[in-house]
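Whatever order the structure lists them in is the order used to number ligands and atoms, beginning at 1. Quick caveat: nothing in here was measured; it's all calculated off a predicted structure.
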Amino acid sequence: MPDSAADQAASEALRANIDHKLLCQVATEPSVASKAEFYHALAQVAREQLAKRWVETQHADRQSQARRVYYLSMEFLIGRAMNNALSALDLRDQAALVFTPPGPSIDEVMECEPDAALGNGGLGRLAACFLDSMATLGLPSWGYGVRYEYGMFAQSIVNGQQVEKPEPWVQDRSPWEFQRASKHFTVHFGGTAEHHGEWAEWHAADAVEAKAFDHVIPGHGTERVSTLRLWKAAAPSEIDLGAFNTGDYQRAAELKNRFENISWVLYPNDSTSAGRELRLRQEYFFVSASMQDILDRHFTEYGSFDNLADKIAIHLNDTHPAIGVAELMRLLVDEHQMSWKDAWEQCRRIFSYTNHTLMPEALETWKVTLIQRVLPRHMLIIYRINQEFLDEVVRLYPGDIDLMRRVSLIDDGNGHEKDKRVRMAHLSIVGSHRINGVSQLHSDLMVQTIFADFARLYPERFHNKTNGVTPRRWLAQANPDLSSLLDERIGKDWRLDLDRLQGLRESADDRAFGASFAAAKRSNKLRLANYVSREVGINLDPDSLFDVQVKRIHEYKRQLLNVLHVITRYNALLDGTAVGCAPRSVIFAGKAASSYHMAKQVIRLINDVAAVVNNDPRTRDMLQVVFIPNYGVSVAELIMPAANLSEQISTAGTEASGTGNMKLSLNGALTIGTEDGANIEIRDQVGAENIFIFGNNTAQVAAIRAAGYQPGDLYRDNPALQEALDKIDAGFFSPGERSRYHDVFNSLVHYGDHYLLLADYADYVAAQERVDTLYLTPAEWQRKAILNVAGMGPFSADRTIRAYADDTWNLKTLTNT
Ligand code: 26Q
């Protein structure tokens, strides 16, 4: 904690500023202000300085006329803003000095802020980390998205089951947003489109206003900022007027609803494409507003669209904003009189696209009939793009009809008109000059499987950009104890240059350092244990091994495999065959999509198993199980620093990258994981001897499936596995309802075990035994944990964004300091 005279003076100045904001903005005074009122006053202090940085950054960007990148994403999982803003503004230490007893602490003040949970999971959080890095690297950059009224639902656990409730993250307004009253665009829907040669006239049926709300994203170690502009849907003002004139309030209210519901709620699904009309409207709504805004800005600065592609890059975060390709064509050709050929040339230089999943059920397609009804002009544009694209394919591979069918933007529905669908991934690829996956394995599989035809057509377009996480939020802010330890050892520069962590390697064998490292971990575990005790009423032993699996609940992520191991361990403890075990606390957290039955069953099973295991006096000292409710950014900030073991156990070939794996390792957890996603690159960086890799790799998974996988045989031949599964099936953990988990049992033993849990079970349990052995040798464990942190340099989002800027967006970094 800084205590020099200068720091004291600065904190006094900050205190005076907060008191002033309390008076003017909150109308109260320090002696009676609540924590929430202090939070608002402090946020106002930060807001003022952020506004100043925003204005200066915009000025610099206009002056430099540098190329800008626009990052289009349906999701931005920001979490809380305060700690990050104070750190970026260099106010964090002073704020800690201001908030001292008898008043609330800075932590208590910061906890008043609700999470901005405008995303589902990995993809949304990646977008937030990227904004942090873009600002920090000084890139002229904007994020564009939807200002959902309700973000990701809040999860509570009632009788062991997930209960969802709506989460209005901004009740009235947030101190972090700036409404831009003058920035609004009209977005049209429906009606008909009439061709006039190259261009068309769209007689739309409906119009919605898109209103801009900005979040200033501060850079670290720079005064530059990035902007996140979110769009809120509003009924056009004529609607209110019409109701007033006719007195038909009922109809007016209905209409208002019909428009304003577009930005009401985030779809809580992270792995299946819903195919719902409202979702399509959301996608087009924010994409159209963003495109209009981008073109407006460009025209104001250059008075022409001829140089558009020299000055802007637009990135598609998955296919969710892919309709943007058609929208840019529409705006340039229909609204700005550019020729189709010129517009298409610009388009292809402007767009780039990241794919985040290989799973077929998550690949977005929309019925042609739906797009025709909601966006008739765009359907015509997509047909024309497709026609020109297929003409090119024919020239390259004459006569290959099957190839044409496979790569077409339209899935022809086996000739049934009503089953025709638009493939958004194909539209994204054809409209982009760069396409990337999010880990080396994922990028390789992408070009070998789902996009193999396109990789043959356009090999130069396909690249890898392995994901990363921001070390500011995920180490500096979330783990202050480890951070100060790092500062002492390797200096403070790792925040902006994560490769500095390599400098820790020479301290791996230093006993004293190992002890301090362990002490930091223990205090983080204590903090988490206190939270769990308060929230869940379970008391964890802070000296037990904290074994953590935190992520969305999905069958491919195999939380159920983890549960099978827990039950196996419990059985072994009971029958005395558990030798060399370390005391463990197995910690789960994550949300299930509201309509995903099997995922909800897994949550319930975890809680049912916890109820049995935690209350068994014979095993209580050796094994505890807890499900922490409402996993989100803020809960993750508590869990990541406290983990000893990171569970990354997806079926090889299914997890595109993972980013929780990076956060956990960065905070000194060892990984137990499969050869999947970025786990492979983590192994390469930390060394195979410092990670627990188990199970079948992608080639083996393919071979097992090809040979006709028989999970029933594995069940019959492995007594420990059989006992664990039988207990689930017989209702051992659900005595009040014995049949509760029949479907879970059946999905593994009788219905094909699609994600090969049983095939990896034995190797997983064996790997877990090696984990115990190591944990019982603390000095060795510490050494490996330190080497994990030391190897995490490449997993900074700064490295990822630099690579995007260089290879994909063609941007230079800037500074205005
Ligand atoms: C699509 C259509 C309709 C409704 C919802 C969706 C939808 C929404 C979100 C589909 C997918 C998502 C989110 C996917 C996601 O989070 N993928 C994860 O992305 C991370 C960042 O690249 C990777 O690390 C993870 O491996 C990947 O699962």
Side-chain angles (χ1 to χ4, degrees), residues 71 73-77 117-130 145-146 148 151-152 265-284 315-323 353-367 370 421-425 428 436-443 445-446 464-470 550-558 590-591 593-596 631 648-664 673-674 676-682 795 797 800-801 804:
Y71 195 85
S73 178
M74 282 292 278
E75 307 193 4
F76 290 91
L77 196 38
L118 308 184
N120 272 289
L123 167 148
R125 182 54 231 176
L126 185 76
C129 282
F130 280 3
V146 182
Y148 302 107
M152 190 59 201
V265 58
L266 167 80
Y267 274 82
N269 219 320
D270 73 332
S271 46
T272 43
S273 167
R276 300 275 181 78
E277 178 169 341
L278 182 58
R279 166 80 184 193
L280 178 66
R281 286 174 178 266
Q282 286 185 333
E283 292 181 355
Y284 178 63
H315 197 82
L316 305 173
N317 194 24
D318 215 302
T319 59
H320 314 154
I323 195 69
Y353 154 58
T354 297
N355 170 277
H356 295 265
T357 181
L358 303 172
M359 289 198 300
E361 66 268 30
L363 290 177
E364 235 185 338
T365 62
W366 293 103
K367 282 197 163 168
L370 177 63
R421 302 183 78 93
V422 179
R423 297 160 165 160
M424 303 311 270
S428 306
N436 71 278
V438 289
S439 72
Q440 190 60 56
L441 175 71
H442 168 67
S443 297
L445 292 173
M446 200 174 83
N464 173 246
K465 295 282 170 284
T466 299
N467 284 166
V469 301
T470 169
V550 292
K551 50 183 78 248
R552 287 297 289 260
I553 313 293
H554 198 291
E555 285 159 285
Y556 83 77
K557 295 178 188 280
R558 302 201 294 191
K591 292 174 182 174
S594 21
S595 59
Y596 192 168
Y631 185 60
Q648 308 300 336
I649 60 177
S650 51
T651 316
T654 61
E655 188 69 273
S657 160
T659 46
N661 47 2
M662 301 169 187
K663 294 163 197 167
L664 283 157
T674 47
D676 200 17
N679 297 351
I680 296 174
E681 288 154 82
I682 292 175
F795 302 98
T800 315
I801 287 298
Y804 276 105

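Under 4.0 Å from ligand 1, not a single heavy atom of Thr357 appears. Counting heavy atoms under 4.0 Å from ligand 1, residue Arg276 does not touch it at all. Residue-level proximity to ligand 1 for Val438 is carried by the side chain, the only part with a heavy atom below 4.0 angstrom. Contacts between Glu75 and ligand 1 below 4.0 angstrom, taking non-hydrogen atoms only, involve the side chain exclusively. Residue contacts with ligand 1, taken as heavy atom pairs separated by less than 4.0 Å, do not involve Met74 at all.
Remark: ligand 1 atoms within the under-4.0 Å shell around heavy atoms of Ala656 are 26 (O). Listed by number with element, the atoms of ligand 1 under 4.0 angstrom from any heavy atom of Tyr556 are 28 (O). Less than 4.0 angstrom separates some heavy atom of Asn269 from each of these atoms of ligand 1: 5 (C), 6 (C), 7 (C), 8 (C), 9 (C).
At a threshold of 4.5 Å between non-hydrogen side-chain atoms, the residues Trp366 and Ile323 do not count as touching. Here the side chains of Pro268 and Met152 are in contact, with some heavy-atom distance below 4.5 Å. You'll find the side chain of Met74 stays beyond 4.5 Å of the side chain of Leu266, heavy atoms only. Within the 4.5 Å cutoff, the side chain of Lys557 has no heavy atoms near those of the Ile553 side chain.
Once rounded to the nearest 0.5 Å, the distance linking CD of Glu655 with CG of Asn661 reads 7.5 Å. Ser73 contributes atom OG, which lies 8.5 Å from atom CG of Leu126 (distance to the nearest 0.5 angstrom). With values rounded to the nearest 0.5 angstrom, Thr470 atom OG1 is found 13.0 Å from Met662 atom CE. From Thr466, atom OG1 reaches atom CD1 of Ile682 across 10.0 Å, with rounding to the nearest 0.5 Å.
Taking distance alone, with nitrogen or oxygen atoms compared against 3.5 Å, Gly658 approaches ligand 1 more closely than that limit. Below 3.5 Å of separation, one finds an N or O of Glu655 facing an N or O of ligand 1. By the 3.5 Å distance cut-off applied to N or O atoms, Leu126 is not counted among the residues near ligand 1. Of the N or O atoms in Asp270, none lie within a sub-3.5 Å distance of an N or O in ligand 1. Taking only nitrogen or oxygen atoms, main chain and side chain alike, Ser657 reaches within less than 3.5 Å of ligand 1.
Remark: distances from the non-hydrogen atoms of His320 to ligand 1 include one below 4.0 Å.
A pairwise comparison of heavy atoms in Tyr353 and Thr319 identifies OH-CG2, 3.6 Å as the closest pair. For the residue pair Asp270 and Arg552, the shortest heavy atom distance occurs at OD2-CG, 3.3 Å.
Across the listed options Lys551, Arg552, His356, Lys557, His356 owns the non-hydrogen atom lying nearest to atom 17 (N) of ligand 1.
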